[in-house]
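To start, the structure under review is shown below, and the notes come after it.
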Amino acid sequence: MKKFTSRALLCCLPMVIPFAPTASAADSGYELKQVFMFSRHGLRAPLANSGSVLATSTPKTWPKWETKGGYLTPKGGVLENYFGHYVNAWMVKENLFSKDTCPVQGETFIYANSLQRTVATAQYFTLGAFPGCDVKILHQAEIGIMDSTFNPIIRDGSEQFKQSALKAMNNEAGPKGLDGLNKQLKPAYDLLDKLTDYKNSSVCQNDKRCDLNSEPAEFTLVKNKEPGVTGPLRIGTSISDAFILQYYQGFPLQDVAWGGIKSDAEWNKLAEIKDRYGEVLFGSPIVAKNVAAPLIKYMNVIFNDNEVTKPVKFNMMVGHDSNVVSLLSVLKIKDYQLPGQFEKTPIGGKIVFERWKNKSNNKDLIKIEYLYQTKEQIRHAEPLSLEHPPQRVVLEMENCPIDANGFCSFDDFTKILKSAI
């Protein structure tokens, strides 16, 4: 793989203006004690490539990417560096770390899935958060092989589980299951038909499949494989993903979906295909609990108080949107909106679990936030700082009500974690 060196990275980074002091939770009687961050990998090239569903779904020529399919792009590295810089500035402001000093051994633990895009995301983030420091990143030695902690596969091969899971996935899709969802998404599929000129694609000319809406659709569940779906939801997700990544990467607008997307409303239609794909495959409670089991066990270890072991101050895991969806489902996170974004699990977005102490009563609290860049911050590669931050949206669990500051009981949170195993 090509190396995007730190020297090259620094050439791309503008000088960071020192930030002015701002109000913090520490000023209000709360002390930040621990951070656990689950991050989706950063900006990558499309997973689908030449000869795939992208090539067969249109007679048009797709714009070429300089980065190998599925790999973090150099711009993705820059964006993660910005993220790291911001997170460090925030943690310093909240006195979790000291300014201009490196963490000591045992204060950080960074763990990435063993694919190029996840490992590289962790590397660039760490370069931004702890520049010049010897902060280790844990991952399997063999790059390109999924780590079981992050692999969202079905682990129960029983027929009983299969039938229960298929029912749950159809319930997640809506009142009429997968067929009803595809009818609901018909306006979005029609837009893709138009953008791709599907009726003149090779799949139409050779296989006589000329209408995206009429593609046969069903869910698939096989032990040791990811949940799957066929039909327009699967095809539409691949195409929509490619268009959204073109926009993020900064392709000229005339090259993004061949200049065919004219409004935010149309972007939202395409993003809904991707969002619903992730939710129905990985978000139903029974499937989410099965595929997210290793991740939930890991989180229990992170937040388990041990009198011998001092809690690690900063924990970070880097995985995929499927992990994010299943994690949010298991924790029963209420519905949320991310202003300024197309996606509900945006590229590079981070679920941040913040452990705070209320100094007035010595009680521990938890706050969960979605930390993400807007679509424009990504497209224009805008540097992040305390003055120009990423977006932060407070999330709430159904069984852990939050107060006016977004805090819920840490004891209740850990009980929910333990019950999820």
Side-chain angles (χ1 to χ4, degrees), residues 24-26 30-40 83-84 86-88 90-91 93-97 103 107-113 121-122 125 129 149-150 288-289 292-306 309-321 323-334 336 338 344-346 348-358 363-372 389-403 405-421:
S24 72
Y30 298 97
E31 181 182 4
L32 183 62
K33 302 295 290 184
Q34 188 180 24
V35 172
F36 167 63
M37 184 177 293
F38 190 93
S39 176
R40 185 186 175 193
F83 247 135
Y86 167 79
V87 169
N88 177 273
W90 168 67
M91 293 191 298
K93 184 186 72 171
E94 299 297 350
N95 300 316
L96 187 64
F97 289 99
E107 288 187 330
T108 63
F109 190 80
I110 301 174
Y111 178 22
N113 189 24
T121 295
F125 178 93
T149 300
F150 299 91
K289 190 170 184 178
L295 175 56
I296 295 299
K297 289 179 181 178
Y298 181 84
M299 288 183 64
N300 269 281
V301 172
I302 290 174
F303 290 112
N304 178 39
D305 281 328
N306 187 316
T309 304
K310 185 178 180 181
V312 175
K313 285 186 177 182
F314 178 74
N315 302 265
M316 182 179 184
M317 297 179 75
V318 184
H320 308 271
D321 51 354
N323 301 131
V324 173
V325 171
S326 60
L327 176 60
L328 296 180
S329 174
V330 170
L331 295 179
K332 297 183 179 179
I333 298 292
K334 294 181 179 181
Y336 61 90
L338 301 182
K344 290 196 74 173
T345 56
K350 293 153 177 54
I351 308 298
V352 186
F353 298 82
E354 308 157 19
R355 183 177 183 175
W356 297 81
K357 183 176 289 295
N358 185 340
K363 293 285 187 180
D364 278 7
L365 303 164
I366 196 85
K367 178 187 280 189
I368 308 173
E369 294 186 281
Y370 215 130
L371 182 68
Y372 67 97
Q391 301 297 298
R392 302 182 77 134
V393 170
V394 175
L395 303 178
E396 182 176 10
M397 294 185 289
E398 287 182 5
N399 299 322
C400 198
I402 60 176
D403 62 19
N405 294 311
F407 296 123
C408 80
S409 163
F410 183 76
D411 288 341
D412 289 345
F413 170 71
T414 54
K415 289 176 184 176
I416 292 169
L417 272 183
K418 289 175 183 176
S419 68
I421 297 179

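The model shown is predicted, which means the values in this text are computed figures rather than measured ones.
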Straight-line distance of [X] [atom1] to [Y] [atom2], nearest 0.5 Å:
X	Y	atom1	atom2	result
L331	C400	CG	SG	10.0 Å
M37	M317	CE	CE	13.5 Å
K93	L32	NZ	CG	10.5 Å
I402	L395	CD1	CG	8.5 Å
L328	T345	CG	OG1	8.5 Å
I416	T414	CD1	OG1	8.5 Å

Of the non-hydrogen atoms in [X] and [Y], which two are nearest, and what is the gap between them?
X	Y	answer
V318	A122	CG2-CB, 3.9 Å
S39	M316	CB-CE, 3.8 Å
A420	I296	CB-CG2, 3.9 Å

Distance-only, no hydrogens or angles: does the [X] side chain make a donor-acceptor pair with backbone N or O of [Y] under 3.5 Å?
X	Y	result
S329	V325	no
D403	N405	yes
N300	L417	yes
N323	H320	yes

### Task
Begin with the C-alpha distance, continue with both residues' side-chain angles, and end with the deciding distance and a verdict on side chain to side chain contact (heavy atoms under 4.5 Å, CB included) for I368 and F407.
CA-CA 8 Å; I368 308 173; F407 296 123; over 6 Å; no
### Message
Parallel, tilted or perpendicular: which one describes the rings of F150 and F38, with boundaries at 30° and 60°?
### Response
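Aromatic pair F150/F38 classed tilted.
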Sub-4.5 Å side-chain heavy-atom contact between [X] and [Y]:
X	Y	result
F314	F97	yes
L96	Q34	no
S409	I366	no
N315	T108	no
V312	I302	no
L365	Y30	yes
K344	Y336	yes
R40	Y372	no

### Query
Please walk me through it: do I421 and K297 pass side chain to side chain contact (heavy atoms under 4.5 Å, CB included)?
CA-CA 7 Å; I421 297 179; K297 289 179 181 178; 4.1 Å; yes
### Query
By salt bridge (charged side-chain N to carboxylate O under 4.0 Å, His left out), which residues pair with K418, not counting sequence neighbours?
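Residues passing salt bridge (charged side-chain N to carboxylate O under 4.0 Å, His left out) with K418: none at all.
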### Task
Run the numbers on M397 and K332 for side chain to side chain contact (heavy atoms under 4.5 Å, CB included), then give the verdict.
CA-CA 5 Å; M397 294 185 289; K332 297 183 179 179; 5.6 Å; no
### Message
Under a 4.0 Å threshold between the charged nitrogen and the carboxylate oxygen, would R355 count as salt-bridged to D364?
### Response
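Looking at D364 and R355, the cut-off is met.
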### Message
Tell me whether E107 is salt-bridged to K313, with the criterion being a basic N under 4.0 Å from an acidic carboxylate O.
### Response
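The answer is yes: the pair qualifies as a salt bridge.
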### Query
Do Y111 and T149 have side-chain N/O donor and acceptor atoms under 3.5 Å apart?
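Short answer, yes.
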### Message
Going by side chain to side chain donor-acceptor pair (under 3.5 Å), name the pairs with one or both residues in residues 389-399, residues two or more places apart or in two chains.
### Response
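Qualifying pairs: Y86-R392, E354-R392, E369-R392.
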### Task
Assess K350 against F83: is NZ or CZ under 6.0 Å from the centre of the six-membered ring, and within 45 degrees of the ring's axis?
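Judged by the rule, K350 and F83 form a cation-pi pair.
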### Task
I would like to know whether V87 and V35 meet side chain to side chain contact (heavy atoms under 4.5 Å, CB included); could you show each step before the answer?
CA-CA 10 Å; V87 169; V35 172; 5.9 Å; no
### Task
Report the residues that fulfil ring pair (Phe, Tyr, Trp, His ring centres under 6.0 Å) with F36, sequence neighbours left out, ordered by chain and then residue number.
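So F36 forms a ring pair (Phe, Tyr, Trp, His ring centres under 6.0 Å) with F353.
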